[in-house]
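Just so it is clear: chains get the letters A, B, ... in the order the sequence lines come, proteins before strands, and each one is counted from 1.
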Number of protein chains: 2
Amino acid sequence: MKIIIIEDNRDLVQVLAEGLSESGFIVDSAYDGEEGLDKVVKNEYECIILDIMLPKMDGYELIEKIREAGKDTPILVLTAKDSIEDRVKGLEAGADDYLVKPFDFRELLARINALIRRHTEHKRPILQCGPLVLDPIARECKVDDEIIPLRKREFDILELLMRYENQVFSRERIIAHVWKKEYDGTSNVVDVHIKYLRDKLRPYNLEGIVATVRGVGYKISCPYRQ
Amino acid sequence: MKIIIIEDNRDLVQVLAEGLSESGFIVDSAYDGEEGLDKVVKNEYECIILDIMLPKMDGYELIEKIREAGKDTPILVLTAKDSIEDRVKGLEAGADDYLVKPFDFRELLARINALIRRHTEHKRPILQCGPLVLDPIARECKVDDEIIPLRKREFDILELLMRYENQVFSRERIIAHVWKKEYDGTSNVVDVHIKYLRDKLRPYNLEGIVATVRGVGYKISCPYRQ
DNA sequence: ATGAATGTTACGATTAATTGAAATACAAAA
DNA sequence: TTTTGTATTTCAATTAATCGTAACATTCAT
């Protein structure tokens with residue numbers, strides 16, 4: 001559980017980091033907006049805690065930049081300001097929760113936990129097979145956070161196979177599902193797209209994940225659990 | 001695909017039922033714990049969606065009663081409560097997944113589908129004979145989690161014999177089932193493939209599982225129950 | 001011991017899968 | 001609209017795996 005505190009008051013960072021470490025978090029920190037953005041983009045945090053008043057780049061701008069970078073990590077804003085406008089401004093910018101200074105440490109902890117929980121709970125269904133990850137909603141195929149660009153047909157076939165891991169699919173069934181038409185029994189389109197898929201997975205040593213069942217069809221065979 | 005929603009908020013039930021019907025489910029409902037238990041026991045649902053806060057019998061108790069009644073239907077719990085204790089309590093009682101209100105309908109749908117899939121996958125028909133296991137959907141033959149690669153003909157013959165364990169099959173019947181043609185009365189193909197099968201099973205001391213019935217045909221004879 | 005039934009083996013035939021390249025379809029940009 | 005680039009499909013050639021046959025060996029029952 002890695003989190004980051006972006007706050008220019010070093011004493012406060014020190015105190016929070018100690019408390020949160022004791023609660024089992026690995027705590028990173030940044031003392032201005034630019035440093036914060038840099039770390040957030042380059043790392044995977046479970047939660048971001050940030051102050052609105054920051055040197056170099058203020059909190060609102062920072063939140064916007066984080067979201068623009070495609071990060072949906074939950075953000076908890078700490079601030080001395082306690083006006084409704086500030087709250088709204090922060091939440092509109094893309095923050096997930098708000099805490100006004102001075103605050104109770106236990107409350108901070110509770111909110112961080114709630115944010116993290118909500119975030120992981122609301123994560124969309126992801127198909128996974130060893131290091132191969134498929135997000136059907138974002139239509140993204142990843143290996144170790146590296147995106148493998150797939151074309152429509154390739155993606156649809158892989159999704160079908162991964163959705164029913166280890167089940168054998170005949171060419172007929174694949175054609176029926178992906179093309180939504182009947183198989184005339186002659187074309188080898190499926191085979192060709194399977195080849196394209198394997199070509200794209202080969203650089204990651206995942207060629208064998210798409211297995212041929214001779215005389216029957218194809219299936220996904222996950223190496224790390226069978 | 002019949003599912004049931006057990007929830008006392010009738011408006012919510014109405015909304016969910018509409019959405020799920022559109023997604024192809026047949027939706028039943030109950031407005032309190034007792035009614036829910038009654039319907040669950042008397043019907044066959046693919047999935048149960050229930051609220052923790054219910055009149056007459058709370059969700060935890062209901063889950064326990066459902067499991068006591070021998071139903072292993074997947075249960076998805078809906079709740080406004082968002083504390084770790086509640087999650088743990090629900091999951092310990094025998095729920096399969098959890099969703100905190102307010103939730104996104106698409107996520108509910110995705111989770112229901114995931115649950116049903118996991119459940120039906122789990123209930124995949126598996127043929128077993130002592131240590132020999134055959135999964136016709138994955139087309140896998142295993143002994144103690146070790147896969148024995150079989151070719152099409154070998155697999156098809158073994159599947160036929162294992163499906164009707166201990167029943168003798170003549171060459172005619174085997175040819176008819178596996179080759180889907182008539183037996184001309186001269187070929188020894190079946191014998192040859194039976195040999196191949198035995199060769200592959202021999203390293204696991206399972207050669208004798210494929211037994212010859214002289215003058216009649218072949219059968220599977222399970223060593224540990226005859 | 002003998003013949004019928006079954007088991008074994010090797011090899012050519014056959015079928016299935018993979019690949020590369022070219023043709024076609026499709027969609028975005030000019 | 002035409003152009004242009006990309007995606008998809010088809011076709012043919014190659015490679016690989018499986019299958020079936022037939023000849024021969026072995027076993028079993030009498």
Salt bridge flag under 4.0 Å for residues Glu44(B) and Lys71(B):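 Yes, charged N to carboxylate O under 4.0 Å.
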
Salt bridge flag under 4.0 Å for residues Arg202(B) and Asp199(B):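 Looking at Asp199(B) together with Arg202(B), the answer is yes, because their closest N to O distance falls below 4.0 Å.
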
Compare side-chain N and O positions of [X] against OP1 and OP2 of [N] and report whether any pair is under 4.0 Å apart.
{"X": "Arg151(B)", "N": "dA17(D)", "answer": "no"}
{"X": "Ser187(A)", "N": "dT9(D)", "answer": "no"}
{"X": "Thr212(B)", "N": "dA5(C)", "answer": "no"}
{"X": "Arg153(A)", "N": "dA7(D)", "answer": "no"}
{"X": "Tyr218(A)", "N": "dT18(C)", "answer": "yes"}

In whole angstrom, what separates [X]'s [atom1] from [N]'s [atom2]?
{"X": "His193(B)", "N": "dT6(C)", "atom1": "NE2", "atom2": "P", "result": "17 Å"}
{"X": "Leu150(B)", "N": "dT18(D)", "atom1": "CG", "atom2": "C1'", "result": "13 Å"}
{"X": "Tyr183(A)", "N": "dA16(C)", "atom1": "OH", "atom2": "P", "result": "10 Å"}
{"X": "Lys152(B)", "N": "dA17(C)", "atom1": "NZ", "atom2": "P", "result": "10 Å"}
{"X": "Asp191(A)", "N": "dA17(D)", "atom1": "CG", "atom2": "C1'", "result": "15 Å"}
{"X": "Trp179(B)", "N": "dC19(D)", "atom1": "CH2", "atom2": "C1'", "result": "9 Å"}
{"X": "Asn188(B)", "N": "dA10(C)", "atom1": "CG", "atom2": "P", "result": "15 Å"}
{"X": "Arg171(B)", "N": "dA4(C)", "atom1": "CZ", "atom2": "C1'", "result": "12 Å"}

Plane angle bin for His193(A) and Trp179(A) - parallel if under 30°, tilted between 30 and 60°, otherwise perpendicular: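 Trp179(A) and His193(A): tilted rings.
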
Student check: side-chain heavy atoms of Leu76(A) and Ile48(A) closer than 4.5 Å: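 They are not in contact (no side-chain heavy atoms under 4.5 Å apart), so the answer is no.
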
Of the listed nucleotides dG20(C), dT8(C), dT18(C), the one nearest the side chain of Val192(A):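 Ranking dG20(C), dT8(C), dT18(C) by closest atom to the Val192(A) side chain puts dG20(C) first.
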
Asn9(B) (side chain) donor-acceptor with Asp11(B) (main chain) under 3.5 angstrom: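 Yes; at least one donor-acceptor contact below 3.5 Å.
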
Terminal axis angle for the helix from dA1(C)-dT30(D) to dA30(C)-dT1(D), five pairs an end, nearest 10 degrees: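 For the helix from dA1(C)-dT30(D) to dA30(C)-dT1(D), the axes at either end differ by 40°.
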
Cation over ring face, Arg171(B) and Tyr183(B), 6.0 Å, 45°: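 Not flagged: Arg171(B) not positioned over aromatic ring of Tyr183(B).
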
Quiz item: Arg214(A) side-chain donor-acceptor pair to dA16(C) base, under 3.5 Å: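 Check passes, donor-acceptor contact within cut-off.
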
Candidate pair Arg151(B) and Asp156(B), rule salt bridge (charged side-chain N to carboxylate O under 4.0 Å, His left out), full reasoning: CA-CA 8 Å; Arg151(B) 300 189 282 220; Asp156(B) 288 345; over 6 Å; no

